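We name chains A, B, ... by the order of the sequence lines, and we start the count at 1 in each one. This one's a predicted model, so the numbers in the text were calculated from it and none came from an experiment.
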Amino acid sequence: MSTEMPTRYDASTVESKWYESWEEAGLFKPDPDPAKPRYTITIPPPNITGSLHMGHALCYPLQDWAGRYQRLRGKSVLILPGQDHAGIATQSVVEKLLRKEGTSGAQIGREAFLERTWQWRNESGDTILKQLRALGCGFDWSRSRFTLDEGYAKAVLQVFIDWFDKGLIFRGKRVVNWDPVLRTSVSDIETERKLIKGHLYYIRYPYADGSGSLTIATTRPETMLADVAVAVSPSDARYQGLIGKQIQLPLSDRTIPLIADIYPDPEFGSGAVKITPAHDPNDYMVGQRHSLEMPVILDERARVSLPGSPYDGLDRYEARKRIVADLEEQGFLEKVEDHEIAVVVSERSGEVIEPLLSEQWFADQAKLAPAVIEAVEAGRVQFYPARYQEIFLEWMRNIREWCLSRQLWWGHRIPVYYDESGAAHAALSWEDAQSKAGDQKIVRQDDDVLDTWFSSGLWPFATLGWPEVTADLREFYPTSTLITDRNIINLWVARMMMMGLHFMGKEPFHDVCIYATVLNEKGQRMSKSLGTGVDPMGIIETKGADAMRYTLLSQAGENQDLRYSDRKTDEARNLCNKLWNATRFVLLNVEGSVAKPDVLEDTDRWLLSRLYQTEAAVRNAYDRYHLQDACTALYRFFWSEMCDWYIEVSKSRLADPATRAVPQWVLLTSLEALLKMLHPVMPHITEELYAYLPIEDKAAYLMSAAWPNLPAEYSDPATEARVERTFEIVRALRALRASVDLAAMKSAPIVYVSGDLQGNEETLRTQAWFEQIVLGAPPEGERCVSTTLEGVDLHLPIGDLLDPQKELARLDKESEKLSAELLKIQGQLDNPLFMERAKPELIEKLQANREEVEGKLGKIVERRALFGG
RNA sequence: GGGCGGUUAGCUCAGUGGUAGAGCACUUCGUUCACACCGAAGGGGUCACAGGUUCAAAUCCUGUACCGCCCACCA
């Protein structure tokens, strides 16, 4: 067969054409065949604001890998894509846009803002989906969903109303995490703690009766404007008898009581804590226990809001400065110490969170958690790697209230309507609410929207049509696998489990696969803002999507992180090129399809056996999401075994029309299986190469082909051992040649071999590049360099080419190695405890080794003598 | 403060009791008709550290250090 394949693989021309073909052939849709088991994934919906980063370049190819693998394994596969409206992120993007245009959300109002956001979403909100196509992700776009779709939005409201009616959602006043930049509350898990250098201020609070003062320590003096008490530990001797006294709050005309509470730690500071219930979660609890007032003195931008006060309108940090200065001036400031402060930072804005007392909607997760815990403990949901299970359960067992409301516009507006009396009714519409309210007139809808994670929590069933009982919902729920990253186990996975179990009665997926975080070469997080990121699209353009995919997927296993580096993409690209050229070689050496031959040689059986073992290893690794192990096995089979050995061994047979059929068949068989196994990781190049293969019963597409089904008789460990022994001898002979500066791959006339080659003489001859192998010892007087291994003596005639000193040096080195080995073996065999307790097989093995090493050493002595040593 | 990962060749990582492995990088050689994005041959590791268990430890146990992640209400 002739081929016009160029000698170099060009990803850009090959990759672009296949995606369309697959899509046109309908391969991204589930196979309607009812006999096939279903395999479903609803992908983690990317934000509409997103553009592809390295995390995505791992995440979405993983979803695609799973789909392609399961499809090859005979399943009907649905990988359902979609996008998340991403409340905070999107609103920020549009606000920025408006600012550029000289206006703002506040100026144009809610309705115009939402219109503008939808416009933005329709124009540029699906950048990332196009990029996923470039990565080869074969998702069912006809089922693509968006969390603000009409149907989806209805599902969200339905869930809210249901939980509201069941009392699982309630309104409450709590100290929440307030983001003063985004001006909304955020949940605990959207915040992180950071240690920063700050100060601890010691402030004197005088007693109102003039009988001296006590000292409190605080890191946030500005909040003293909202102090309502000072608390001390009831066991603190310093304050015995003083409890109940009134204190004159500095910089203020208010007096506040000294109270006793379990919260203060006598060891810290002065043991006295100022209590600001509205601006600190701990103080809030103290305030509740003592029924204290809870004045709020910071506004939504964290500015002081205290009309009439000189600090009114100041930013919280500016206020701190002024208050500290004033305290000092008036003699209240006792001292200032350096202090490490644990601040809470919003992950979205990077701003320091202001704990703020406000009225919010909450979900009572504690009532939903037990079903989730039970499902995991019963093994109906499995985590990969398993260690995440405990982390997950730990969080579920200590679950807290979930603050659902966000003070945003972009999102699902909370379906709560208030009537004249102030009573709240949850309903799908104003009209519904009115009918629920009866005589009381509905006067307004709640202004807030729901936390984005509330809507993504319904992803596995709302995408399939819930609350309607659609055919898709019946067919594809529960889904099979969730593949996501560890940062959102609690944020997202937990919520999907709670909602899925509550509304569908079944856990939403069986496997939860947690993949690694992609770091850069130096082990830093990839981040646009830090400039440590690499754009995957650039790699796709220059080296191909398959190279990009292989780079990341071949590192996916149970690891916590993985490192991206450009060098690895070069390796992946080189692998593509090697695949291309190996196939090209095969095609140049076959005329058409070949039938399975009756008689195979050792090397043929060896490769088939290796293929058999490789398939088993790959399948096992894929099933456990250990792509790393699968890729290693495939790489080794392809590059080391098939290319470096089998193709080289077969070249002479392929050149001869009388013998070529067998290696032709073996190569085509191996290549076909290899391409199938590699396809889930590198879909484009494997599809392209498969198209060239002249094989029987070929599928229309590799993508829709069947996973290799290799007969058990391919497995042949005895032949594997025999052939690999031969290769060992080949390597030794090549090394011997190199030691006398005999060029590699140049045919040399003769080598003497004594020992059993087990029928692999021809392999040894061609692979060690000799014209002739003579069995037996060299004739008397023939000057040779020699070595011994595997019970075989190799003698390479050298005439008088060689410097004796060089050969003596080589022999000495060999001898040194052997002596060290002998010493070690002997040491063990001389140890009576070892002889008594070690396994008999091991002892036998060592004894055999000893004999072999001694024999080799003896031969070296003889050989040294030949060179005057 | 609690929990979980990691620490093995220059780099990235395999390796869960029996004489340290792979890929890349490096050195030397090679322009033969699959591939120089290639081939052949080499060099390179006291397996973080300290104890312990064992005939035998990279591997099991205890502790320490460093890196990273998660959770947590110390002003």
Whole-Å distance between [N] [atom2] and [X] [atom1]?
X: A/Asn398; N: B/C70; atom1: CG; atom2: P; result: 18 Å
X: A/Trp580; N: B/C35; atom1: CH2; atom2: P; result: 14 Å
X: A/Trp769; N: B/A40; atom1: CH2; atom2: P; result: 8 Å
X: A/Leu833; N: B/U54; atom1: CG; atom2: C1'; result: 10 Å
X: A/Leu393; N: B/C4; atom1: CG; atom2: C1'; result: 14 Å
X: A/Lys746; N: B/G30; atom1: NZ; atom2: C1'; result: 8 Å
X: A/Asp644; N: B/G23; atom1: CG; atom2: C1'; result: 13 Å
X: A/Phe834; N: B/A56; atom1: CZ; atom2: P; result: 11 Å

Counting side-chain heavy atoms from C-beta on, which of [options] comes nearest to [X]?
X: A/Glu648; options: B/A14, B/C35, B/U19; answer: B/C35
X: A/Asn490; options: B/G5, B/C71, B/A34; answer: B/C71
X: A/Arg734; options: B/C70, B/A34, B/A40; answer: B/A40
X: A/Gln828; options: B/U12, B/G18, B/C71; answer: B/G18
X: A/Leu842; options: B/A34, B/C38, B/G18; answer: B/G18
X: A/Asn282; options: B/C38, B/G42, B/C73; answer: B/C73
X: A/Cys643; options: B/A34, B/A41, B/G10; answer: B/A34
X: A/Gln560; options: B/A34, B/U12, B/G5; answer: B/G5
X: A/Glu571; options: B/C24, B/A40, B/C74; answer: B/C24
X: A/Glu821; options: B/G39, B/U19, B/G68; answer: B/U19

When the [atom1] atoms of [N] and [M] are considered, how many whole Å apart are they?
N: B/G15; M: B/A9; atom1: P; value: 15 Å
N: B/U59; M: B/C47; atom1: P; value: 9 Å
N: B/G63; M: B/C24; atom1: P; value: 41 Å
N: B/U7; M: B/C49; atom1: C1'; value: 11 Å
N: B/A72; M: B/G3; atom1: C1'; value: 11 Å

Spell out, as yes or no, whether a donor-acceptor pair under 3.5 Å connects the side chain of [X] to the backbone of [Y].
X: A/Arg549; Y: A/Val681; value: yes
X: A/Glu641; Y: A/Arg610; value: no
X: A/Asn559; Y: A/Asp561; value: yes

Ignoring backbone atoms, establish whether [X] has a side-chain N or O less than 4.0 Å from OP1 or OP2 of [N].
X: A/Lys824; N: B/A56; answer: no
X: A/Asn574; N: B/C38; answer: yes
X: A/Lys578; N: B/G39; answer: yes
X: A/Arg387; N: B/C4; answer: no
X: A/Arg563; N: B/U12; answer: yes
X: A/Lys522; N: B/C67; answer: no
X: A/Trp639; N: B/G39; answer: yes

task = Indicate yes or no: does A/Arg731 engage A/Glu728 in a salt bridge with an N to O separation below 4.0 Å.
result = yes
Ion pair check, A/Lys806 and A/Asp741, cut-off under 4.0 Å = yes
For [N], which nucleotide is its Watson-Crick or G-U wobble mate, given both distances must be under 3.5 Å?
N: B/U31; value: none
N: B/G21; value: B/C13
N: B/U7; value: B/A65
N: B/U53; value: none

key: Test item: side-chain donor near acceptor, A/Arg584 and A/Thr7, under 3.5 Å   = no
task = Ignoring hydrogens and angles, state whether a donor on the side chain of A/Arg624 or A/Asn620 is under 3.5 Å from an acceptor on the partner side chain.
result = yes
